[in-house]
Asks: 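Before anything else, here's the structure in question.
Sequence lines set the chain letters: A, B, ... in the order given, protein chains first and strands last, and positions in each chain run from 1.
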Amino acid sequence: MAKATDRAGRRPWGGLEDEVLAVLWAATGPVTATAVQNELGGDLAYGTITTILGRLRAKGLVVRSQVGRTYEYAPAQDAASHTASRMHSLLVSRGDRAAVLARFVSELSPEEERLLQAVLRDLTEPDESSDGAASAGDLPRSAVPHESVRVESVPIGSVPVESVSVESVPRESIGAGAQAIDESDAMAAAAQMGRATASAGFTEPAER
Amino acid sequence: MPVPVYLPLVLGLALAVAAPRVVRSLPPPIAVWSLTLAAIVSASTWIASLGLIMSTAIDRTAFVAAHGHYSLAHWRHVDPVAVPAAIAAGVTLATCYLLLAIAMLREALAVREVRQLGRSLRDDGTVVFVEDSTPHAYAVGGRWPRIVVSSGLLRTLGAEERRAVLAHESAHLRCRHHAHLRVLRLAAAVNPFLRPAVRASVLAVERWADEEAAVRLGDRTLVARTLVRAALASNRTPTPSGALAYTAGDVSRRVAALLAAPPRPRWSIVAASAIVIVGVVASPVYAADQIGALLSAPCPTTSSAH
């Protein structure tokens, strides 16, 4: 895949470290390594998670606190994060777009919002697996009963204590996104986005 | 044969107007590069042809005629451009240079403050996360490239969707989209007919990043779903500056394109566009050559200077 570092010695963006950091920032409070592992998916080894958390701690991006017999991790709120917030406020408040490349999201017209809500309903229906890619991410988050009790099948002596903690990780602590999006029952719109956009007057981007 | 002095002007404008429409059907990377090239060609042709038109009036002055070794009377007789038109061209040219200078200054100033802050952050490629309940995710290109994501957006998305956002924004930086957009903005400052091309390239750049993310994650539907969730969440919270919003319909277009098959290159269009661009570049050269021929044409009634 991507090189380990580019010419300037930077890691490529969006790698595992950034994903782990994202989980911490999305959480509403400190979380355990187990919770991070659960959130990121089962194919990541627990050791990988703790290694990454250790690296992030060494960089000063993450702080660790001990709660009982477990460690909990949270993003560091220091001078660097304050600088980042200032930069962010500056960029967001600017009227022109010269400094900021582009924002991921934009403002929507009411019609477009209705269309997109219909699309989201179609994309997240559990019985409809799009292209056979049926992973946990396809299901609406409210419908997935998160594993609130996780018991590691490893002997207690060989791994750190936190991996065997029977701990309920309520969805809310990682990111309660399930209720963030209103699914209004406004339209029984066309299932295909293509038809919907055509009828709304948005032109197709590519001729086929 | 009449001298095609106004031809480059018309062709430059035609290119500026046609380019956004033509690239719509092309795959995003080709579209972006084509728009950037078309903008450079259109803006330079615009400047070159204005200069050429203006020069015809300058050629009427005795000072220039003496140094150019051609007959002033002859030129005044065969000059294809009326003096008022030439003066208008000169004024427009000066205005274009002024607008370009202002645009370059604005770009530099806008980046300066942000750059000083960005420079003091970590430089090892770690994404910058900020505490902000408003959903935000953007890439800042340039010497200290950064990806900034707000906690508000992180909380709206699942792990896979966050991965899609990071893949999209890192594609912006990897493919140097900020450079393309900067060139287009500066070209549009010179030639205002290029404004639709700027909007078209903004959309094409987003489509390019969408396609890169879809390839990297191997799942077009995931990227589409991420886009929809993020757009709906962002729409719920009012943003401080509306100027950063796209034109309406862009999100729908992007989602529709992601839910369809990846676009294939249409080489006939690319070949035709290449020919057109070569023609546009050649037109001011041709016009200048014709004017030169007129200037040095032997005049039957007066003797030439050499």
Side-chain angles (χ1 to χ4, degrees), chain A residues 10-14 17-19 21-22 25-26 39-41 61 75 80 83-88 90-109 112-113 115-117 119-120 123 130-131 133 137 141 175-177 180-181 193-194 197 202 204-207, chain B residues 25 107 110-111 113-114 117-118 120-121 124-125 127-130 135 137-141 147-148 151 154-160 162-163 165-167 170 172 177-178 206 219 221 225 228-235 240-241 243-246 248-253 255-257 259 263:
Chain A
R10 279 188 228 103
R11 270 188 320 104
W13 292 274
E17 276 189 26
D18 295 318
E19 285 187 48
L21 205 48
W25 276 93
E39 176 69 11
L40 288 182
L61 292 164
T83 304
S85 293
R86 275 170 51 212
M87 184 181 82
H88 171 64
L90 195 68
L91 286 168
V92 162
S93 63
R94 275 196 180 278
D96 59 71
R97 304 182 60 185
V100 177
L101 175 71
R103 295 178 50 198
F104 188 71
V105 294
S106 61
E107 291 178 6
L108 308 171
S109 63
E112 200 174 5
E113 177 161 7
L115 273 170
L116 290 176
Q117 279 166 352
V119 171
L120 188 63
L123 287 179
S130 32
D131 301 343
R141 303 180 77 222
I181 296 181
M193 187 64 189
T197 51
F202 302 125
E204 295 276 338
E207 326 297 324
Chain B
S25 53
E107 296 272 333
V111 169
E113 240 180 29
V114 170
L117 283 172
S120 59
L121 297 175
D124 63 349
V127 173
V128 176
F129 295 101
V130 290
Y138 50 86
V140 185
I147 295 174
V148 181
S151 54
L154 294 174
R155 283 173 197 138
T156 312
L157 305 175
E160 278 201 320
R162 290 194 284 260
R163 204 172 290 149
V165 172
L166 291 178
S170 64
H172 277 320
H177 291 165
H178 65 283
E206 291 307 312
D219 189 348
T221 313
R225 194 180 70 234
V228 173
R229 292 184 95 114
L232 288 172
S234 171
N235 211 41
S241 168
L244 292 181
Y246 301 132
D250 276 1
V251 174
S252 307
R253 274 191 273 263
V255 172
L259 292 177

Asks: Calculate, to the nearest 0.5 Å, the distance between atoms CG and CZ belonging to A/L120 and B/R225 respectively.
Replies: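 CZ of B/R225 is found 8.0 Å from CG of A/L120.
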
Asks: What closest approach, in Å, do B/V228 and A/L116 show between heavy atoms, and which atom pair accounts for it?
Replies: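 Smallest interatomic distance, heavy atoms only, reads CG1-O, 3.4 Å.
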
Asks: Nearest heavy-atom pair of A/H88 and B/Y138: which atoms, and what distance?
Replies: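 Heavy-atom minimum between the residues: ND1-OH, 2.7 Å.
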
Asks: Looking only at heavy atoms, what is the nearest atom pair of A/E39 and B/A159, with distance?
Replies: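 Closest heavy-atom pair between A/E39 and B/A159: O-CB, 3.2 Å.
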
Asks: Look at A/E19 together with B/R163 and state whether they make a salt bridge at an N to O cut-off of under 4.0 Å.
Replies: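 Judged by the 4.0 Å cut-off on N to carboxylate O distance, A/E19 and B/R163 do form a salt bridge.
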
Asks: Taking all heavy atoms of B/V128 and all of A/A84, pick out the closest pair and write down the distance.
Replies: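 Where B/V128 meets A/A84 most closely, the heavy atoms are CG1-CB, 3.5 Å.
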
Asks: With a 4.5 Å limit on heavy-atom distance, are the side chains of A/L115 and B/V255 in contact?
Replies: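 The answer is no, as the side chains (C-beta and beyond) never meet within the 4.5 Å cut-off.
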
Asks: How close do B/V127 and A/D18 get, counting heavy atoms only, and between which atoms?
Replies: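 Distance-wise, the nearest heavy atoms are N-OD1, 2.8 Å.
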
Asks: Assess whether a salt bridge exists between A/E112 and B/R253, defined as any Lys/Arg side-chain N lying under 4.0 Å from an Asp/Glu carboxylate O.
Replies: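 No salt bridge links A/E112 with B/R253.
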
Asks: Which heavy atom of B/L154 sits nearest a heavy atom of A/A22, and at what distance?
Replies: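 Where B/L154 meets A/A22 most closely, the heavy atoms are CD1-O, 3.6 Å.
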
